[in-house]
2 protein chains.
Amino acid sequence: MATTADGGARQDALSIGEVARQTGLSVHTLRWFEREGLYLRPIPRAGQRRVFDSADVAWLLLCNRLRASGMPIAEIRRFAALVQAGPGNEAERLAVLEAHEQEVRKRVAMLMECLEIIHGKVDVYRRHLAAGTADRLWAPPFADASSDAARHSMP
Amino acid sequence: MATTADGGARQDALSIGEVARQTGLSVHTLRWFEREGLYLRPIPRAGQRRVFDSADVAWLLLCNRLRASGMPIAEIRRFAALVQAGPGNEAERLAVLEAHEQEVRKRVAMLMECLEIIHGKVDVYRRHLAAGTADRLWAPPFADASSDAARHSMP
DNA sequence: GCTTGACCTAGAGCAGACTCTAGAACCTAC
DNA sequence: GTAGGTTCTAGAGTCTGCTCTAGGTCAAGC
């Protein structure tokens with residue numbers, strides 16, 4: 001990430017627009033992140049303009065993954081606050097990450113269950129369409145009582 | 001689903017409270033679903049009270065899976081409208097389900113990618129904690145310029 | 001006859017995560 | 001020196017998906 005061997009973080013000064021391009025986030029969102037306390041450090045200014053560096057970008061890219069995997073903003077803020085608090089709370093940071101990992105694994109498992117059910121439906125529709133019996137999949141809205149056995153073959 | 005061999009759907013008359021219990025949805029949500037047009041038929045009334053049946057419950061359980069897997073309410077409404085429109089549009093219904101299935105598969109793939117990254121972080125923290133070098137994972141918030149090489153080992 | 005509990009409608013309120021607006025400052029290029 | 005693009009702050013608005021409130025009806029049990 002750093003272009004120099006050591007201590008050269010401030011060499012890559014990035015404008016908010018540049019960071020937006022590199023992270024896929026809008027400048028609005030980047031400013032909003034600051035208000036929400038999601039950065040790992042107070043973003044410094046040149047005059048009144050924010051000056052980011054590549055470590056900020058790296059963090060934002062990780063944030064994107066955390067958000068995409070469903071971590072609430074409040075949880076990201078908690079993690080960022082731990083980092084800001086400095087060394088000594090690494091076990092807590094780990095706990096946050098582990099908890100999220102477990103969450104995501106649960107979500108994946110749940111989605112797989114859903115997929116099975118959804119794919120089952122897809123399969124039923126495909127077979128009925130192929131067999132030309134698709135019209136028996138669900139009764140029309142105001143089906144009279146004698147025809148509503150069809151209501152029980154489900155969509 | 002049906003307790004009788006054919007045409008007996010109306011035998012299981014369920015109150016909104018009963019349906020809430022069977023589906024895990026709140027009565028508020030069940031009424032809101034109606035306003036949103038998510039049912040497969042107009043829910044009939046006895047007086048002014050809704051009378052559900054087991055086919056409604058089966059649909060709601062499927063809805064739960066669709067919602068849990070991220071299908072937007074608008075899409076569920078679209079599907080419900082197709083069913084309400086009666087036989088003849090089964091290919092369209094299939095298309096909706098197939099599109100959703102693909103969406104979910106994509107989401108699962110994305111989550112797996114995220115998982116890898118998150119697990120990588122977890123791993124780093126675990127190893128540093130075990131080695132007693134966790135304090136080098138991230139520089140404190142106001143680290144001076146000479147120490148911010150640490151900023152590049154990422155959280 | 002009265003209380004209790006389940007139900008009704010219409011509509012307001014809320015949480016989360018952005019997204020945009022207004023009005024102004026600043027920098028760069030021509 | 002002025003036009004155009006980027007940035008700034010503070011705050012309002014939006015969208016989704018519920019969730020709750022207010023005020024009322026209705027049936028059953030004591």
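All chains are named by letter (A, B, ...) in the order of the sequence lines, taking the proteins before the strands, and each is independently numbered beginning at 1. Keep in mind that this is a model prediction, so the values were computed, not measured.
- Both B:Gly70 and A:Ser15 sit near DNA chain D, but only A:Ser15 has its closest nucleotide nearer the 5' end.
- Side-chain atoms of A:Arg50 stay outside donor-acceptor range of the base of D:dC8, with no qualifying N/O pair under 3.5 Å.
- Rounded to whole Å, atom P of C:dG16 lies 10 Å from atom CH2 of A:Trp32.
- No donor-acceptor contact under 3.5 angstrom links the side chains of A:Glu98 and A:Gln102, judged on distance only.
- Scanning all heavy atoms of the two residues, the minimum distance from A:Glu75 to A:Met71 falls at CB-CG, 3.4 Å.
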Practice item. Take A:Phe33 and A:Leu60 through the test side chain to side chain contact (heavy atoms under 4.5 Å, CB included) and record every step on the way to the result. Key: CA-CA 10 Å; A:Phe33 269 36; A:Leu60 287 167; 3.6 Å; yes
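- Protein atom CZ of B:Arg77 is 13 Å distant from nucleotide atom C1' of D:dC15, rounded to whole Å.
- Taking the six-membered ring where the residue is Trp, A:Phe79 and A:Trp59 present parallel rings, their angle staying beneath 30° rather than reaching 60°.
- As a whole-Å value, the separation of A:Leu25 CG from C:dA17 C1' is 12 Å.
- As a whole-Å value, the separation of A:Leu30 CG from D:dT9 P is 13 Å.
- At a threshold of 4.0 angstrom between heavy atoms, the contacts of B:Ser26 with the nucleic acid are absent.
- Under the 4.5 Å side-chain contact rule for hydrophobic residues, A:Val51 and A:Leu40 do not share a cluster.
- In this structure, B:Leu66 atom CG and D:dG17 atom P are separated by 13 Å, rounded to whole Å.
- In this structure, the CD atom of B:Glu36 is 14 Å from the P atom of C:dA10, given to the nearest Å.
- At least one side-chain nitrogen or oxygen of B:Arg45 sits closer than 4.0 Å to the OP1 or OP2 atom of C:dT9.
- The interatomic distance linking B:Glu18 (CD) with C:dC7 (P) rounds to 9 Å, in whole Å.
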Produce the list of close N/O pairs, under 3.5 Å, pairing protein atoms with atoms of nucleotides 20-24 of chain C; give distances to one decimal.
none

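- At a cut-off of 3.5 angstrom, counting only N and O atoms as typed in the model, there is a donor on one side and an acceptor on the other between the side-chain of B:Arg49 and the base of C:dA6.
- Annotation for A:Ile16 and A:Leu30: closest pair O-CD1, 3.5 Å, computed over non-hydrogen atoms.
- The main-chain N or O of B:Asp12 is never found under 3.5 Å from a side-chain atom of B:Asp53 such that the two would form a donor-acceptor pair.
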